Each structure stands twice: as structure tokens, then as C-alpha cells.
Amino acid sequence: MSSNTLKKGYEPHDVEKRWYDFWEQEQLFSAADKSPKDSYSIVIPPPNVTGVLHMGHALNITLQDILCRFRRLKGDNVLWMPGTDHAGIATQNVVEKKLAADGLDRHQVGREKFVAAVWEWRKEYGSAIINQLKRLGASCDWERERFTMDEGLSLAVRKVFIRLYEEGLIYRGSYIINWCPRCNTALADLEVEHEDLDGHLWHIRYPFEDGKGGLIVATTRPETMLGDTAVAVNPDDERYADTADRVILPLMNRTIPVIKDKYVDTAFGTGALKVTPAHDPNDFEIGKRHNLETVKVIGDTGIMTSEAGKFEGLDRFACRDAVVEALKKEGLLESVEPYSHGVGHCYRCKTIVEPNLSDQWFVSVKPLAEKAITAVENGTTKIIPENWKKTYFEWMYNIRDWCISRQIWWGHQIPAWTCRCGELIVSADDPTACPACGSDDLTQDTDVLDTWFSSALWPFSTMGWPEQTPLLKTFYPTSVLVTGFDILFFWVARMMMMGLHFMDDVPFSDVYVHALVRDENGEKMSKSKGNVIDPLTVIEKYGTDAFRLTLAAFAAQGRDIKMSEKRVEGYMHFINKIWNAARFSLMHLDNEAAEDSAEINPDNLSLPDRWIMSRFSRTVETASLAIDEYRFNDAASTLYNFVWHEFCDWYLEAAKPVLYGDFGEEKKGTSKAVLEKVLTGTLVLLHPFIPFITEEIWHKMPGTIGSIMKADFPESFGNDPDVEKRMALLTGIITGVRNIRGEMNISPSFSLDVIVQSSDESARQTIKENEDIIVNLARLKSLSIEPPGEKPKSSATAVTDTATIFVPLEGIIDFAKEVKRLEKEIGKISGELKGVKKKLGNDGFLNKAPEHVVEKVREKESALVKRQEKIQANLDKVKSML
RNA sequence: AGGACGAUAGCUCAAUUGCGAUGAGCAUCUGCCUUACAAGCAGAAGGAUGCGGGUUCGAAUCCCGCUCGUCCUACCA
């Protein structure tokens, strides 16, 4: 590694592994508990232990890593807190499947052994996702890694539960909840995904008590009728003003009341609604208002209960068919129509959920939500981009109580016990005796808490709460939360509520909401669609740096990302370009030179030197600001353009005459110093985006010590508009010649004689001073610089604002072609001129537009006119030679 | 049903706060293995910024309507 020569092409794989290990060994990701530096902190959105890396993680992790590495380079004490989520239902499902392969189910195994099996599973496979995050280069403080079921975090969960219970914000009750018959557990409203399905709307006649006539109700779920305990009509519905008090519930042969409730929509169907309080949330509410019985006909596994009479034991969907058949037979099925409606599915296993009456624990979130709303309203927490604010408020204002109990085994068991006397005990420590009757016959609630309950505490539970740790003092509230919008409600909103309630402060100052990564066609990636692009495959193929840079470049605010490998390939080329630029530079930067030229002597600076320093300075400012404002794509494209189109295309090429030529050691030394300073600065600037290659090159640079992660953030040399203008004169001339060459099909190996005329003396001076650069880059035999005068004969011309370029072409090209080219050029300019003239001919513009704008347009006009005249003159001349 | 976002070069996308449609990658065409790079270099071509109005001296950008997509939220049986 002492040699500073580079291989011909960049080979990412061994480099990535090598430097990642190095960073970990050197503990470069470690945060200090206390430090005089500014604190910067991010908590990772904990991936599920069952997770495998997908595009969403890749984007999420990359953006966080960019921020963390950037802040470290800026000199902050950075904590990036990593960890994983126990993912209750998801993990339980995985382990259950594994048992099923051995022909076992969890009930045969028993709770204790099952939970032990899950822990075993986690020990074996739970670090897979972490290792994948490392492949991405994630600079988390791994020594602090947490798990939502760690002892400390579990204690935090208990503390929170108990306090909320004592404050009356957690309650237990019998309500309609969403039930997944496959997972066998309650789900929160959020955990239900609605999908429109084509179904039917069945119209069923409920006869009056005399067996005749009746009320016709409509339903999409006929099997629920078995549990009907009323038929409701709207009290204002005149059709039913004098209707009978009771009707017969078909198939069950019991009479049920006809009730009046404002909820019923008179416009829907017949205006009569069957009421099933045990299986529909609205019916449940109606039932409460009218003291109706609840009859639960669908059991927890989706099998009809004994309450379903002769339908007992049927699966809910088989029962639906059977009920329809039976109704048909009895002549009570009035009509059927196709009907598309939203049906809820379990977000974990996609099974159709069943609204079911059940005893569950709830958090009363309204009071918590208020503070969370205020904090965003007054900007204590900023949501970026802003449009998500509206979504956040919308949700928060309409928030409903959160069902937090799950009937599974993997998770935080609810710290509540019931005594045989019926007393409910909620306690941090396992109680030994009932405070009411003294009995020790206590049973703990078998339910566990929703996974998101522990995730909600993540920003402070990971830092040691309820202890008042130094870590909390240093890093809470965290600086920013980076996440996808799909978990804005699941997670972000709940962290806000819990953070404000328990820490008395918001959990983060900024929330940066990034896009969702979709496939090339804009569709969500999913296993079932088979359109998943595996990030690890992309990394294997193109390297981590190329992949990261692509993700950053794609991360425009408020837009979804359509992932395409083509783009990654483009950025891989860029990575290679950097590599080669460094390879070239290092050929000229030996250690000696580095020592000699530690200081740049301003007197020896060439124009390209001054120019690249000015451009570099602007890049530092623009890119830094973009990162500060989470405009990752702007930062990426700024760096891309600087490195490729300014540093490589112009600076390195322009530096060649100095580096290869004989202009004296002093000049050469200064140029080398500039090259070295700008290149090292650029590496540092690039490092947050592409950490591996920058570290690799860093170590080859003369005079660098240790990791690039410990480098100083580059300082600006200051912008110099005059230098940029003078450089533009040179590039303009070079491009003009190249243009003529291309258009005229003149071989690059053919050296040209070129005459440049300019009336501006300082411009002539600049050109003269940099003659060798022009000669080199435009491949000239000779260059004459003159004041305007005799137009050289038989020449192609190119015109810039300050100079006219003549390329004598006698015997080289076809003049008819040149006429065509010039005519086209004039056409272009006169088009522009037309626009400008129109503007200047408009009184409104002259009167109302700010003066400097008008002035600018006027300058533009005169420049265009000048150019047009010059080209016209040349055109005439060429024409005369035909 | 309500809401959000999108529609710009053949494709994928950029374009601070309104000021010559400014631009990138890929694809296309032309010429080059020119002493870091053919994963490259130098050129070229390509656009009434979805449609219709409005505000403005001036609109891709601000406002209204429409069409087409995508996605969220939602208890109409």
C-alpha cells in the first residue's frame, strides 16, 4: 500500500471489505457519550429481525449514512444508533412455518418452548440483516446495537405501559377489532390493508312475524346474518314509519326487533340495514345505542360457532355459499348483483380479516396526539418535504384508539394479571399476591403488545431510558429521522406522541421522508409480482459506491424512485472515472512534490489552477448546502458535474501542458499542489456518498495520514468570477475549433493553424498567456492572436462574445458545407435575437421589470447583434469563394 | 368518497425564490485506441414543458378547470 500507483480499473469488492473492516477496527463509527463537539444523532429505523435487505432499506440506510459521514467530517460528535425490531407477527410466522415443516404447531410445543425457539432462531439468523447493512457501508455505532426485546428496552416498555395505564390512557374492553383468522390475533386498524374486490350484494327478505311480506336488507357478507340481532331503518324514512316491530331472522327462526337509527342511509338499497353487532364495527355502535345482544357466529379461526346453528363448523366462506343456497331454497333471496367493495386484508399474511368482537387493550391516543400536532405546527419538529405535514395532520386529527394487544406469543407480554377474585393488577414487577383478596392465584394476561408499541419508544429506549443516561443528555432529541412515508403513521406519529409524553420533548428535530423505491414501471416491488431487484445483486454487479450514488441521485424530494440498472451502470462509470482521474494525478504527485508544494504560491498559479479552485469552492458550498437541506440528488449531481465535466474534462487536460512541459519547477510545483489540494478536497466531499473508493484513493495520496473519515472538511478558496470569465474565453475558443473540426469532418490528428481576433486587449492577453493550453486542447499547429483586421481567406469561423476564431481551410474542406453551417448558426442566433427584441419592444417589460433584468437583456441583445454581424460577414466571404 | 403526487428530449429523470427551455444518464448519429480512463475522448441531432383558460412585462414554475397515471386515507351495509 506504500506505492501510490493504481491498477488500471477500479475493482470494488476487495476494497469494500478491506476498508469496512478497517473502519470497524479503528472504531471510527463510535460516538462519545459526552463531547465538547456539537452532537448529531440519528436512530435507525430498526429493520425486522426476519428481514432481508431490500431497496427500501438500501435507500434509507444510504441517506442516513451520507448524513452521518458528512456531519462527522464537519466535526460533529455523531451517534448513529442501530438495532433491530422483534417484529412480533412476522417473526412468529417464520418460526411457525419452520415448525410446520416438522409437522408441529406452536400449541403442541407450548408457549415457553416456542418463545425459546424464536430466541434461538434470532440468535442464528437475526444478524443477517445487520451484515447486509454493513455491505452498504453503514457507519452505525455497532457497539451500541439494540433489539426491541432487550432487557433494557423491555423494561422501558413496561414502564410506559404502567404509566399510561395509571394515567387512564390504557384501558381494556370488549370492542370490534380487526381479527386475522390465520394469525389468530387482533390487528390495529393500520395493520389492515384495504383492497377492492369483486363480490356480490345479496338482497335478503326478512319476513314479518306472520311469515308474509317483510323487510329487504342488502349485504355483502350473508354469513353474518346468522348473528343478526336487529334490522335498522332511519327514523326519518317515511317508507318505514308504520312498519312492524319485529321480523323473523331467516334460517335461524328467531324474531329480531326493527329499530330506528339515524346511522342508516335511506339512499342505500332499500333503506333497511341488518345489524350484526358482533361482526361489524358500525353495527356494534348501533347495538350499544339500542342495547342489542351480540351473537358471535364466526369463531377465531374463521370457523362458524355453535351460535350459527346448523352451519356450525363450516368455514366462513363455505358458510356464505351455504347460507345463500338455503335462502334461495326458502325463496327469501330477492336478488343478487355484482358489487365491488373494499375488503380488509392482514398486512402480514394477506388473509381477509374479520371484524370481530373481542376483549382487547387499547391506548386512548387523542390526548397524546394533541401535543404531537402542536409540535409540528410550531416547527419544533420539521417534516421535510413539507407536503407530508398535511398527511400527518390529517391522520392525527382523525386518530382513533389504538388496539395494542395481540394474541400471539412473541413479543412483550402485557404486564397485567387477573386474580381469581376478578381483580386486575397492572405492575412492573411480577406480583405475588392479589392486593384485594390476598390470593396468590394470579394469571398473567397471555397477550403481547403490538410490535409498534416498543418501536414507538425507540428514540429514547435505545439510549437507556428510563435511566437518565449521559447518552440521552447528549443525543436526545435526535437530529433527524430518515424514513419512508409508508410508516409515517405506524411509527413516526407514535414516536412523536410517546417522545413528547415521556421525554417532554420531541424525539427528533427533523423528519426527512424519502421516496419509495419502485420497479422500472413504477410499481411497488413485491415478491408475488416477481419484480424485486435485490440490492445485493446490484452491489455485486456494480459495486456499493455506484449503487449508493445512484440512490442519492434518485432521491429527489417528493418523488418516487423508479429503479433501473442502467442508471447504476452510469454511476459505475463515474466511479471508474474518479479512479482514473486519481490514477493520472498520482502519476504526477510523488511524496517529494507534496512536501515541496505544501503551500500554494499565488504568483505561480495558472489560469486553470485559479479556475479549478474557484469551481471547487463553489462545489463545496453548493453540495454542503444541498446535504444540509436533504437535497441529496442536487448534491450528487453537483459533485458529478464538478468531477467529470470540470475537474476531468477541463482542468486535468489544461494542466497537462504544465505537467508535461517545461515551464520551470516552481510553476509545476504550484500546479501540482493545486491538483493535490483539489483532489483531496474532492475526495473528502465525495466520501459521504461513495465511502469506499474515496478511502482507497485517500491512502494512495501523498501526505495523507489515517482514514479519510478523520480528514478536515475542505475549506473554500473563494469564488473568482473574473477567473471564471477568463477561463470561459479559453474553453469557448477550444470548443469553437473542435466544433468546426467535427462539422467539417477534419481528422483530430490533423493540426490546424488558427487565427483569433479580438478587440479586447485583456482578452488577447489572456489568450496569449494560455496559448499552449489552446494549442494542446484544440490540436493546433499554430495560433495567431490579433486585433480585428483583415479577415483571413477561405476560413471557417466560430464566434464567441469577445473573440472571432478563424480556421483557414483552403484545400481542406468543402465550402458549400461551411455555408450551410454558418447559415444554421445565424438562424439560431436570429431566433434568440427575436425573443430578446420582442422583450425590449414591450413597454410593459421596460417599465415594470427590475432594472438589472432589463440591463441584462440589453447587453444580451448587443452581444447577439455583434455575433450575428460577424458571422454574416464571414458567410458573405465564404460565399464569394464558391 | 376525500387527499397527495406526477405528466419536460426516443427512454429514465433534474431545473433554488417566475427572467433566453438551462440540463444529466441511457439510446441514436459522426469522428477518434490523442501520452488517466473505449467503463473513454471530441462533436451532432433531438423539446409549442399533457390539454384548456387565467394572473404577470415575462410561466415548466403561481391560480382554476380537464384528461391520464400512481399512491395514501376511509365503517356506506
Side-chain angles (χ1 to χ4, degrees), chain A residues 6 8-10 176 189-190 194 201 217-221 224 232 263-265 267-269 272-276 280-285 339 341-342 355 387-388 390-391 394-395 398 485-486 488-489 516 518 520 522-524 550 553-554 556 558-562 564 566-567 569-588 622 625-626 629 631 633-634 637 640-641 644-645 648-649 652-653 656 660 735 738-743 745-749 776-777 779 831-833 835-836 839 842-850 853-854 856-857 860 864:
Chain A
L6 298 183
K8 195 157 181 200
Y10 176 60
I176 289 273
D189 295 334
L190 261 182
H194 293 269
L201 191 58
V217 299
T219 180
T220 54
R221 296 186 297 149
T224 62
Y263 169 79
V264 183
D265 179 359
F268 190 92
L273 169 72
K274 66 188 267 315
V275 183
T276 324
D280 183 281
N282 298 309
D283 293 6
F284 178 75
E285 292 300 321
Y339 192 76
H341 62 125
N387 52 296
W388 289 110
K390 204 168 168 178
T391 312
E394 196 66 28
W395 163 259
N398 299 309
F485 61 80
D486 50 333
L488 194 59
F489 308 137
L516 234 53
R518 301 175 184 281
E520 293 177 275
E523 295 200 41
K524 219 172 183 169
T550 311
F554 266 130
R559 274 243 201 187
D560 277 349
I561 294 174
K562 289 186 209 165
S564 93
K566 273 278 178 230
R567 274 294 278 279
E569 203 183 323
Y571 284 105
M572 180 187 71
H573 292 171
F574 176 66
I575 298 296
N576 196 53
K577 185 75 179 175
I578 297 170
W579 182 257
N580 277 296
R583 199 156 82 95
F584 170 79
S585 305
L586 286 167
M587 288 176 177
H588 300 279
T622 310
L625 183 66
E629 295 177 351
R631 289 178 289 108
N633 60 320
D634 286 343
S637 76
Y640 184 99
N641 283 319
W644 201 315
H645 299 305
C648 291
D649 286 352
L652 290 185
E653 293 304 323
K656 278 179 184 173
Y660 286 111
T735 305
R738 284 172 174 172
N739 196 306
I740 290 167
R741 224 185 245 283
E743 295 272 306
N745 271 333
I746 302 166
S747 157
S749 56
N776 218 280
L777 299 196
R779 297 188 163 245
E832 279 180 38
L833 203 51
V836 173
K839 231 178 205 182
N842 182 341
D843 287 341
F845 174 69
L846 296 178
N847 296 333
K848 295 193 183 172
V853 173
V854 178
K856 227 170 126 186
V857 176
K860 192 83 220 170
L864 283 172

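Letters A, B, ... are given to chains in the order of the sequence lines, protein chains preceding strands, and every chain is numbered from 1. Remember, predicted model here, so these are calculated numbers, not experimental data.
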Taking the side chain as C-beta and beyond, is there a heavy-atom pair between A:Arg738 and A:Leu777 under 4.5 Å?
yes

If we only count heavy atoms from C-beta on, is the A:Trp395 to A:Leu190 side-chain gap below 4.5 Å?
yes

Return the nearest nucleotide to the side chain of [X]; candidates are [options].
{"X": "A:Arg738", "options": "B:A44, B:A42, B:A36", "result": "B:A42"}
{"X": "A:Glu653", "options": "B:U73, B:C76, B:A36", "result": "B:A36"}
{"X": "A:Trp644", "options": "B:G40, B:A4, B:A77", "result": "B:G40"}
{"X": "A:Phe268", "options": "B:A77, B:U73, B:A36", "result": "B:A77"}
{"X": "A:Asn580", "options": "B:C37, B:A77, B:A39", "result": "B:C37"}

Record whether the side chain of A:Glu394 comes under 3.5 Å of the base of B:A74 through a donor-acceptor pair of N or O atoms.
no

Side-chain donor or acceptor of A:Tyr10 under 3.5 Å from a matching atom on the base of B:C37?
no

Any side-chain to backbone donor/acceptor pair from [X] onto [Y]? Under 3.5 Å, distance only.
{"X": "A:Arg741", "Y": "A:Arg779", "result": "yes"}
{"X": "A:Asn398", "Y": "A:Glu394", "result": "yes"}
{"X": "A:Asn739", "Y": "A:Thr735", "result": "no"}

Under 4.0 Å protein heavy-atom contact, by nucleotide of nucleotides 15-29 of chain B - B base, S sugar-phosphate only
----BB----SS---

Return the value, rounded to whole Å, for the distance between atom [atom1] of [X] and atom [atom2] of [N].
{"X": "A:Lys274", "N": "B:C76", "atom1": "NZ", "atom2": "C1'", "value": "14 Å"}
{"X": "A:Arg583", "N": "B:C37", "atom1": "CZ", "atom2": "P", "value": "5 Å"}
{"X": "A:Phe284", "N": "B:A77", "atom1": "CZ", "atom2": "P", "value": "20 Å"}
{"X": "A:Leu652", "N": "B:G40", "atom1": "CG", "atom2": "P", "value": "16 Å"}
{"X": "A:Leu201", "N": "B:C76", "atom1": "CG", "atom2": "C1'", "value": "11 Å"}
{"X": "A:Trp579", "N": "B:C37", "atom1": "CH2", "atom2": "P", "value": "14 Å"}
{"X": "A:Leu586", "N": "B:C37", "atom1": "CG", "atom2": "P", "value": "14 Å"}
{"X": "A:Arg779", "N": "B:C32", "atom1": "CZ", "atom2": "C1'", "value": "9 Å"}

Using a heavy-atom cut-off of under 4.0 Å over every strand shown, decide if [X] touches base, sugar-phosphate, or nothing.
{"X": "A:Asn739", "answer": "sugar-phosphate"}
{"X": "A:Thr735", "answer": "sugar-phosphate"}
{"X": "A:Lys656", "answer": "base"}
{"X": "A:Asp649", "answer": "sugar-phosphate"}

According to the interplanar angle, ranging from 0 to 90°, do the rings of A:Tyr640 and A:Tyr571 count as parallel (below 30°), tilted (30 to 60°) or perpendicular (above 60°)?
perpendicular

If the glycosidic angle sits within 90 degrees of zero it is syn, else anti. Tell me which applies to B:A48.
syn

Check whether NZ of the Lys or CZ of the Arg A:Lys656 lies under 6.0 Å from the centre of the six-membered ring of A:Phe584 and within 45 degrees of that ring's axis.
yes

Would you kindly compare A:Thr220 and A:Asn776 by the position of their nearest RNA chain B nucleotide and give the one closer to the 5′ end?
A:Asn776

Nearest-nucleotide check on RNA chain B, A:Thr391 vs A:His341; residue mapping nearer the 5' end is A:Thr391

Heavy-atom pair of closest approach, residues A:His645 and A:Asp649
ND1-OD2, 3.0 Å

